[in-house]
Amino acid sequence: MNNLISFKKVSKFFFKKNKIKALSNINLNFKIGKIYSLIGPSGSGKSTLLNLISLIDKPSSGSISIENKIINYEKQDVNDTYRSSSIGIIYQNYNLLNDFTALENVSLAELALNNNPKTATINAKKILSNLGLSKRVNHFPTELSGGENQRVAIARAIINRPKIILADEPTGNLDLKNAKSVFKTLLNLRNKNRLIIFATHNREFAEMSDCKIEMIDGNIRSINGKL
Ligand SMILES: Nc1ncnc2c1ncn2[C@@H]1O[C@H](COP(=O)(O)OP(=O)(O)O)[C@@H](O)[C@H]1O
Ligand SMILES: [Mg+2]
């Protein structure tokens, strides 16, 4: 009941020299208000799974429903709008625009949805300041540390108040101290109207979720916690 996202028999193949099965017949449900971790070795399918949820990629077979609607991958514009309004994505390498300041990187995400530069700037400043970056708003990504850049990326991911937050190895480029602090920030984004899913190699961080999904070779190996 009240699943925000449902995977039904989802498989994903890539065709290079050989056929690669990145995900194999996955059935999974994700509920709003909960935090899920995906853990597993490199190549086990974590990023592929997150890219399907973010509507960046489509399954080879099976179906994915979000908010009880089966995703139609032919409707790219509908999916793009859903992604920018309802999904916040955080990547390992931050994916910030280097020619824009922290403030601009964050406010641009809101401007993409509503064309009001004034409120976008006010909101971006507020969020950056909540994340401890008030002294960094006018800095460019190259002038910030890894931990600061990831916090800017988190601010950008949440400015449109997304229902779904996806983080793909968000602390993969950070030293342990910064990784712990960024994780704390990520876990603090929990609220009852939001679903958070993150992929990590770090068992200690994975344990901090409500439900740990362990993957191996495109399959679910184990699920610890309530789905
Ligand atoms: N765009 C792609 N083209 C070809 N193979 C891919 C592509 N993306 C992922 N794969 C393959 O799919 C499998 C799962 O990859 P991935 O989801 O990135 O794993 P993880 O994030 O757990 O490291 C791997 O064998 C990987 O090489
Ligand atoms: Mg990956």
Side-chain angles (χ1 to χ4, degrees), residues 5-30 34-66 71 73-74 76 79-80 83 87-96 146-147 149-151 153-154 156-157 162 164-176 178-180 182-183 185-187 189 195-225 227:
I5 302 174
S6 251
F7 275 54
K8 295 220 163 59
K9 296 186 175 176
V10 171
S11 294
K12 177 69 185 176
F13 306 105
F14 291 106
F15 297 91
K16 283 271 164 90
K17 271 185 215 146
N18 303 307
K19 181 171 162 183
I20 297 165
K21 202 167 195 179
L23 288 178
S24 183
N25 203 30
I26 302 289
N27 292 296
L28 272 178
N29 294 316
F30 299 95
K34 297 219 173 281
I35 302 183
Y36 297 79
S37 58
L38 300 172
I39 187 159
S42 188
S44 56
K46 305 181 297 295
S47 296
T48 302
L49 197 147
L50 291 175
N51 288 341
L52 293 180
I53 297 175
S54 61
L55 312 177
I56 288 168
D57 216 346
K58 64 176 187 180
S60 306
S61 63
S63 66
I64 297 173
S65 305
I66 302 185
I71 301 298
Y73 291 88
E74 304 302 314
Q76 200 54 54
N79 296 343
D80 288 346
R83 183 188 314 109
I87 307 180
I89 311 176
I90 299 156
Y91 296 98
Q92 177 171 351
N93 58 4
Y94 328 125
N95 277 17
L96 297 171
N149 274 322
Q150 196 56 299
R151 254 185 228 102
I154 291 175
R156 177 183 58 183
I164 301 169
I165 292 180
L166 307 175
D168 196 352
E169 308 211 21
T171 60
N173 285 352
L174 303 178
D175 59 49
L176 191 59
N178 275 300
K180 281 187 174 161
V182 162
F183 244 96
T185 305
L186 182 68
L187 297 176
L189 301 179
L195 160 67
I196 300 175
I197 309 173
F198 64 85
T200 182
H201 274 113
N202 185 310
R203 294 213 160 254
E204 200 183 317
F205 293 151
E207 297 296 339
M208 295 175 189
S209 62
D210 300 312
C211 179
K212 188 174 73 176
I213 299 168
E214 190 161 0
M215 301 188 65
I216 185 82
D217 293 337
N219 292 290
I220 308 290
R221 181 185 201 170
S222 66
I223 296 175
N224 278 291
L227 261 191

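Positions are given from 1 along the sequence. Whatever order the structure lists ligands and atoms in, that order sets their numbers, starting from 1.
The protein atom (non-hydrogen) at minimum distance from atom 18 (O) of ligand 1 is Ser47 CB, 3.7 Å. Ranking the protein heavy atoms by distance from atom 25 (O) of ligand 1 puts Ile20 CG2, 3.7 Å first. Ranking protein heavy atoms by distance to atom 17 (O) of ligand 1, first place goes to Thr48 OG1, 2.5 Å. Looking from atom 12 (O) of ligand 1 to the surrounding protein, the closest heavy atom is Ala22 CB, 3.3 Å. Shortest contact from atom 23 (O) of ligand 1 to any protein heavy atom: Gly43 N, 2.6 Å.
Considering backbone and side-chain N/O atoms, Gly45 comes within less than 3.5 Å of an N/O atom of ligand 1. Residue Phe14 places no N or O, backbone or side chain, under 3.5 Å from any N or O of ligand 1.
Heavy atoms of Gly40 come nearer than 4.0 angstrom to ligand 1 in no pair at all.
Between Leu195 and Ile35, the closest side-chain pair of non-hydrogen atoms is not below 4.5 Å. Taking the side chain as every heavy atom from C-beta outward, Phe7 and Pro59 never approach each other to under 4.5 Å. By the 4.5 Å heavy-atom criterion applied to side chains, Asn202 and Thr171 are not counted as neighbours. The shortest distance between side-chain heavy atoms of Asn224 and Ile213 does not fall below 4.5 Å.
Salt-bridge check for Lys46 with Glu214: failed, with every basic side-chain N at 4.0 Å or more from each acidic carboxylate O.
Listed by number with element, the atoms of ligand 1 under 4.0 Å from a non-hydrogen atom of Ser42 are 23 (O). Numbered from 1 in the order shown, with element, the atoms of ligand 1 that lie under 4.0 Å from a heavy atom of Lys16 read 3 (N), 4 (C). Of all the atoms in ligand 1, the ones that sit under 4.0 Å from a non-hydrogen atom of Ser44 are 19 (O), 20 (P), 22 (O).
One finds the CD1 atom of Ile165 at 13.5 Å from the OG atom of Ser54 (value rounded to the nearest 0.5 Å).
The closest donor-acceptor contact from the side chain of Lys212 to the backbone of Leu38 lies at 3.5 Å or more, if one exists at all.
Here Thr48 fails the criterion, with no N, O or S atom under 2.8 Å of the Mg ion (ligand 2).
Only backbone heavy atoms of Pro41 (N, CA, C or O) come within less than 4.0 Å of ligand 1; its side chain stays farther off.
Put simply, atom 27 (O) of ligand 1 has no protein non-hydrogen atoms near it, under 4.0 Å away. There is a protein heavy atom closer than 4.0 angstrom to atom 9 (C) of ligand 1.
Not less than 6.0 angstrom separates the ring centroid of Tyr36 from the ring centroid of Phe198.
Cation-pi geometry between Lys19 and Phe13 is met: under 6.0 angstrom from the ring centre, within 45 degrees of the axis.
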Open item on the list: Between Ser6 and Asn29, does the side chain to side chain donor-acceptor pair (under 3.5 Å) criterion hold? Intermediate values first, please.
Closed with: CA-CA 5 Å; Ser6 251; Asn29 294 316; 2.6 Å; yes
